[in-house]
Amino acid sequence: MSRTIAELVEGALRDIPDFPAPGVLFKDITPLLADPTAFAAVIADMAARHRAVQLVAGVEARGFVIGAALAHALGVGFIPVRKAGKLPGRTASLSYDLEYGSATIEVHADDIPGGARVLLVDDVLATGGTAVAAWDLLESVGAEVTGFEVIIELAALGGRERLAGRDVHALLTV
Ligand SMILES: O=P(O)(O)OC[C@H]1O[C@H](OP(=O)(O)OP(=O)(O)O)[C@H](O)[C@@H]1O
Ligand SMILES: Nc1ncnc2[nH]cnc12
């Protein structure tokens, strides 16, 4: 029998205890990225749910890898949501808390046409702070964020509750 996408993702991940801080079980997607079958299956699975979007946005850094591949698969452009101080043009920014720290993200407002239907993508949904911040940041510059796709959801950290009322899809929930 062929494996489900959740089984495929689970089999391709690596768990690293106490990284980057004691008590954090880090979900490392690099083995999945190095496995062409698993990587292609993740992108195809996400793409199948979002044929009508106009742009894909991904959060630095791991969201860039998934988001750029997904944008290419859908034949649309990619919007990098970057950590503060990296984008040279006119930016909008937002600060938020993480499972292990805090961060500020920025986006180039001029690359997003008003009302553009944008799909947000990342590798991990933990507390949801990043996803809420990126979603709200994109909407603050006029985008219509249609949903959030993530490879792994860490259910115990409550990200889905924080994103209540928004379209969220995880390939694997642990
Ligand atoms: O749901 P949250 O609690 O906000 O956590 C999820 C975020 O944390 C990780 O990024 P990180 O900031 O570690 O950056 P990286 O991709 O550069 O490693 C991950 O890639 C998500 O973007
Ligand atoms: N436990 C975790 N593993 C990987 N990425 C994360 N981002 C936030 N929490 C994480």
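Order of appearance sets the numbers: ligands from 1, and atoms from 1 within every ligand.
Considering only residues two or more places apart in sequence or on other chains, Asp123 meets the salt bridge (charged side-chain N to carboxylate O under 4.0 Å, His left out) condition with Arg62.
At a cut-off of 3.5 Å, with distance as the only test, a side-chain donor of Arg49 or His169 sits close to an acceptor on the other residue.
A donor-acceptor contact shorter than 3.5 Å links the side chain of Glu60 to the backbone of Lys83.
Only backbone heavy atoms of Leu25 (N, CA, C or O) come within less than 4.0 Å of ligand 2; its side chain stays farther off. Contacts of Thr130 with ligand 1, taken as heavy-atom pairs under 4.0 Å, involve both backbone and side chain. Only the side chain of Asp123 comes within 4.0 Å of ligand 1, judged by heavy-atom distances. Contacts of Glu60 with ligand 1, taken as heavy-atom pairs under 4.0 Å, involve the backbone alone.
For residues 155-164, the set of pairs meeting the side-chain hydrogen bond (donor to acceptor under 3.5 Å, both in side chains) definition, not counting sequence neighbours, comprises Glu153-Arg160.
Close approach of ligand 1 to Val124 is summarised as follows: ligand atoms under 4.0 Å from at least one heavy atom of the residue are 6 (C), 21 (C). Below 4.0 Å from some heavy atom of Gly129 lie the following atoms of ligand 1, by number and element: 1 (O), 4 (O).
Residue Gly128 places a heavy atom under 4.0 Å from ligand 1.
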key: side chain to side chain contact (heavy atoms under 4.5 Å, CB included) between Asp167 and Thr146, intermediate numbers included   = CA-CA 7 Å; Asp167 180 35; Thr146 58; over 6 Å; no

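Closest approach of Asp111 and Ile79 over heavy atoms only: O-CD1, 3.7 Å.
In terms of protein heavy atoms, atom 5 (O) of ligand 1 is closest to Ala126 CB, 3.7 Å.
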